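For reference, the structure is listed below as structure tokens.
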Amino acid sequence: MTTSGSKTDEGLPAISDRELMRYLDGELDEPDLTELEARLVTDEQASGKVAGLEQVGDFLRETVSADDRADCIADAIMAQIEAEAADGAGADSAGADSAGADSAGADSAGDGDAKVVELPRAPALETLTDRPVADGSPANDNSRLIYAVFGVAAAAAAALFVWGNAVPTSDTVAMASRPAVATEVAAAAEAAPGLPPSGKVDTEAAAEDEDEPVVEIAAVDFGAQSGSVFYVSAGKHTAGSTAVVWVTDLGE
Amino acid sequence: MRYAAILAAAALATVGMTPASVTASVPAHGETVAQPLQDAPEQTEALAKVIVLYANNSGKGIDPRIGDMPQLKQPPFSAYDTYELLERADVPFSKANWGDHALPNGGKLAFKLNEVKDKKYDVAAKIQKPGGKTLLNANVKAKEKEIFFMAGPKYKDGILVLGIHFTGK
């Protein structure tokens with residue numbers, strides 16, 4: 001018998017919930033079953049749990065068995081199919097009528113075994129299906145939402161168009177070039193073995209500074225050496241940043 | 001329905017035009033303003049004002065002769081606790097000729113002017129090692145009197161840090 005980690009008031013290991021559920025399901029073997037039943041006599045906590053689990057189980061069984069809405073769906077569908085087939089073959093119209101609404105199981109034109117039962121419908125479903133729909137429009141009409149999305153997209157595109165024309169070209173170049181430099185710098189700084197140990201590159205300052213760069217390092221060739229390009233803040237009282245080309249001189 | 005289709009087509013067509021592509025096809029505002037006067041002489045010469053610092057960890061702090069240079073207190077410059085002013089130099093250079101300056105480590109710092117536009121100097125810069133081998137080549141576009149740094153050449157127990165700005169000759 002398995003136990004949980006805790007202990008009872010008597011100092012015995014507490015019976016696990018899994019064990020109690022196996023007991024209620026009748027899955028315990030004989031030695032464990034006897035032992036557990038003996039424990040339940042003295043273990044009030046475990047016996048309380050068993051009682052609670054039994055109550056829940058009883059409640060669920062009663063509730064599920066009382067709701068038989070789904071039990072007859074297959075029969076109803078088969079009866080409907082057979083009735084329609086018989087109707088199409090020129091059978092008695094009574095068969096078709098019964099297929100429509102007779103929940104008591106009227107005769108169909110087939111072998112007569114199938115019962116026609118009106119499908120139970122949940123209130124929520126009825127509410128949905130009974131929703132008044134305008135003639136000619138589908139029930140899931142999302143066209144307004146689609147139009148709204150396209151409208152917003154058009155407005156955003158127009159705003160971007162105007163904004164793009166309003167920004168001077170030099171600023172556009174700056175914004176495009178600075179993050180690229182910052183990215184290269186981050187990678188180069190990682191790879192540069194000669195950088196000082198605490199040499200954290202201020203790439204964020206470079207990326208966030210949207211002003212036109214007063215100094216732009218347009219191109220660098222470190223040759224056989226390694227190095228990096230980055231920007232450092234020019235000070236707390238200055239908004240700009242200063243470009244730095246840092247080469248690792250291996251001293252060869 | 002037709003209105004929606006037109007609106008959607010317009011939205012898709014307009015979204016496809018990014019600001020970058022739009023601005024690339026539109027004449028730059030700056031270019032119009034920046035047209036040099038026809039009778040203004042083209043600037044073919046410039047001056048690099050260079051401050052040469054020796055960075056090391058000898059615990060002496062920042063040389064007061066350097067002046068206010070807050071960048072030196074920030075990483076990665078702050079990895080060195082000592083900045084000693086070695087020299088200040090003016091290096092003339094032009095479109096036609098490289099201008100160079102001997103560095104304390106035996107290497108060389110050199111500049112060549114590509115163009116000056118709106119007081120922004122497009123300059124080729126290079127640092128050579130003592131043996132004449134090139135340590136780095138760079139293309140720098142700097143506004144007049146705006147400082148930038150070139151750092152890293154080995155010198156004694158530390159490195160050289162060069163503060164540079166350009167101005168008219």
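Note that the structure is a prediction, hence the values are computed from the model and not measured. Here is how names work: the chains are called A, B, and so on, in the same order as the sequence lines, proteins then strands, and each is numbered from 1.
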| request: Tell me, with the steps shown, if B/L136 and A/Q225 meet side-chain contact (heavy atoms from CB on, under 4.5 Å). | output: CA-CA 8 Å; B/L136 75 85; A/Q225 316 292 323; over 6 Å; no
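- Pairs passing the ring-ring contact (aromatic ring centres under 6.0 Å, His included) check and including a residue from residues 46-75 of chain B, sequence neighbours excluded, read B/Y54-B/Y155.
- Ring planes of A/F230 and B/F77: tilted class, angle from 30 to 60°.
- A 6.0 Å sphere centred on NZ of B/K95 holds more than 12 heavy atoms belonging to other residues, nucleotides or ligands.
- Interatomic distance, B/I147 CD1 to A/T242 OG1, rounded to the nearest 0.5 Å: 7.0 Å.
- In this structure, CG in B/N105 is found 7.5 Å from CG in A/D249, a value given to the nearest 0.5 Å.
- With sequence neighbours left out, the side-chain contact (heavy atoms from CB on, under 4.5 Å) criterion links B/E87 to B/V52, B/A89, B/H101, B/P104.
- For the pair A/V232 and B/P76, the tightest heavy-atom approach, listed with the atom from each and the gap, is CG1-CD, 4.4 Å.
- A pairwise comparison of heavy atoms in B/Q71 and A/S233 identifies CG-O, 3.7 Å as the closest pair.
- When all heavy atoms are compared, the tightest approach of A/V215 to B/E146 is CG2-O, 3.7 Å.
- The two residues A/A234 and B/P70 have their closest heavy-atom pair at O-CG, 2.9 Å.
- Annotation: B/N57, atom CG; neighbour count of heavy atoms from other residues, nucleotides and ligands within 6.0 Å is above 12.
- Using a 4.5 Å cut-off between heavy atoms, B/K73 does not touch chain A at all.
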